[in-house]
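The residues of the chain are indexed from 1 along the displayed sequence.
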Amino acid sequence: MDPADGLLDHPYDVYRRLRDTAPVHRIAGPDGTPAWLVTRYDDVRAALADPRLSLDKKHATAGTYKGFSLPPALDANLLNMDPPDHTRIRRLVGRAFTPRRIDRLRGPIRHTADRLLDALGDHGTTDLIASYAAPLPITVICDLLGIPDEHRLDFRVWTDTLVAPDPAAGPGAAKEAVVAMLGYFTRLLADKRRDPADDLLSDLIAVRDEGDRLSEDELMSLAFLILFAGYENTVQLIGNAALALFQHPEQLTALRKDPSLLPAGVEEFLRYEGPALLAIRRFPVEDVTIGGVTIPAGETVWVSPSAANRDPARFPGPDRLDLDRDASGHLSLGHGIHYCLGAPLARAETEIALAALLERFPDLALADPTPRWRPSLRARGLLALRVSYGRNLPHHNLPHHNLPHHNLPHHR
């Protein structure tokens, strides 16, 4: 039996067992090929920053790693690169993706959140993912990139198809989504080049560093990565944080009494239920020893920030949400040179989204005690989260041990 069996259904139970028995395990990866899984905090943190663990697929032993195949114009992104290419592109992107730009977005993010909440009315029930947690980040990231309103629903459908495809849609659905995104970005970049605007894509086209600039494939891949990661990760963060509060009603009460807990609370939400069960795969460029286990060059290594974040050796009582906890050092947004470029935006969106939601609906309650998780190791998020709001509606704020963590119905 594969030691990681049950990871989708009961991830933290599986991770606990794996951490307790050995630092590194030989498993079948998400694509079915053999891989090594690293779960303990110190090992995961070190692996994330180890230059011997390459993100470049060219270092994979032939015939081992399959993964998801992207066309070259979308594959040349930071998640598939090592220095010096990674260093060069990150430096160029950093000139456009500035803290000042993110700070300017706080007002528009709150405006978008309020508009979405207005649309819900004063009372009723809703799927919080479909009505709020998903449309908020897709609006924000499309505003940032300069994507027109009429195409935003398309992007939401395309990214959902790539992360957790509906089995009923057939094997060609993901390829069709990629082709559609590539065609759209090709046209959009041409439009931005002809008619620049005050948006991130226009800035990326114009950015220079001592004459250096982004190539067409690099531009295309960056646009794809920023949209994909900026939308997907934040949907997961907002939805997972809301569910965690319902599962820990005493923490929800504490947050309502003291909203100043929220900024630090976002770090605890990230630690407790981060947006992915596995980080991007890596390939040793030479034999590497992790936790006393030697992994041959070219084999696939998966490190799990989610497992590391629940390691009791680093975070005491890790399966309990605690907004007073010092959650700094969690690994949900990475570590080292590949630390998430969009981390400030993800934090700001999650903080603003939760603040607006709890202010608007002081009696927000869980309406369905069976949360439905996406069947994906890469996107740890909810398919749906039904809530009630408004007075005199039934409440289902149940202790977390009464709520299942493992319903995996078909993708919507």
Side-chain angles (χ1 to χ4, degrees), residues 70-81 85 88-116 134-162 176-235 340-342 344-346 348-349 352:
L70 289 172
L74 298 181
D75 209 39
N77 65 64
L78 292 169
L79 297 185
N80 294 322
M81 287 183 179
D85 290 336
R88 168 185 163 269
I89 291 181
R90 187 153 178 140
R91 184 183 66 245
L92 286 167
V93 176
R95 292 174 175 266
F97 210 87
T98 61
R100 179 181 297 179
R101 183 189 291 274
I102 302 306
D103 215 36
R104 292 205 314 262
L105 288 173
R106 294 186 73 91
I109 292 170
R110 180 59 192 246
H111 175 75
T112 300
D114 287 338
R115 179 173 54 79
L116 291 168
L136 176 63
I138 198 69
T139 300
V140 171
I141 204 69
C142 286
D143 281 345
L144 180 68
L145 288 170
I147 294 171
D149 292 352
E150 61 268 24
H151 298 293
R152 296 179 181 189
L153 180 58
D154 291 335
F155 276 106
R156 188 169 159 188
V157 172
W158 294 334
T159 53
D160 284 347
T161 299
L162 292 178
E176 290 173 8
V178 166
V179 170
M181 291 180 82
L182 180 58
Y184 180 77
F185 274 128
T186 300
R187 296 187 297 273
L188 182 63
L189 286 170
D191 291 343
K192 297 291 183 185
R193 195 168 271 109
R194 286 193 304 268
D195 187 17
D198 182 20
D199 57 53
L200 183 58
L201 277 184
S202 297
D203 285 358
L204 290 174
I205 291 169
V207 74
R208 299 285 188 279
D209 183 17
E210 297 181 356
D212 191 15
R213 60 185 294 181
L214 295 166
S215 71
E216 196 68 15
D217 281 359
E218 290 166 350
L219 271 170
M220 195 88 68
S221 295
L222 272 172
F224 167 73
L225 178 60
I226 291 167
L227 173 74
F228 190 83
Y231 164 59
E232 274 297 326
N233 286 340
T234 312
V235 174
C340 177
L341 189 67
L345 180 58
E349 285 186 74
I352 293 166

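By the 4.5 Å heavy-atom criterion applied to side chains, R115 and T112 are counted as neighbours. A heavy-atom distance below 4.5 Å is not found between the side chains of T139 and I109. Side-chain atoms of E176 and W158, non-hydrogen and from C-beta on, never get closer than 4.5 Å to each other. Inter-residue side-chain proximity for H151 and L188 is flagged as unmet; no heavy-atom pair is nearer than 4.5 Å.
Between Y184 and F224, the distance from one ring center to the other does not fall under 6.0 angstrom.
Across every non-hydrogen atom of T186 and L182, the tightest pair is OG1-O, 2.8 Å. When every heavy atom of I141 is checked against every heavy atom of G230, the shortest pair comes out as CD1-CA, 4.0 Å. When all heavy atoms are compared, the tightest approach of E218 to R213 is OE1-O, 4.1 Å. In this structure, L204 and V207 approach most closely via the heavy-atom pair O-CG1, 3.3 Å. Of all non-hydrogen atoms in A223 and L145, the two that sit nearest each other are O-CD1, 4.1 Å. Between P137 and V235, the shortest heavy-atom distance links the atoms CG-CG2, 3.6 Å.
Taking the side chain to side chain contact (heavy atoms under 4.5 Å, CB included) definition, one finds that E216 meets it with L189, R193, L219, sequence neighbours left out. With sequence neighbours left out, the salt bridge (charged side-chain N to carboxylate O under 4.0 Å, His left out) criterion links D149 to R152.
With values rounded to the nearest 0.5 angstrom, C142 atom SG is found 10.0 Å from L201 atom CG. Distance check: D217 CG to N77 CG gives 11.0 Å after rounding to the nearest 0.5 Å. Atom CD1 of I226 sits about 5.0 Å away from atom CG of L200, to the nearest 0.5 Å. Taken to the nearest 0.5 Å, the OG1 atom of T234 stands 6.0 Å off from the CG atom of L345.
Shown here is H111, whose NE2 atom has no more than 12 heavy atoms of other residues, nucleotides or ligands within 6.0 Å.
Although no hydrogens or angles enter the test, the distance criterion places no donor-acceptor pair under 3.5 Å between the side chain of S202 and the main chain of P196. Between the side chain of K192 and the backbone N or O of G146, at least one donor-acceptor pair lies under 3.5 Å.
A salt bridge does not link D191 with R187: none of the charged nitrogens is closer than 4.0 Å to a carboxylate oxygen.
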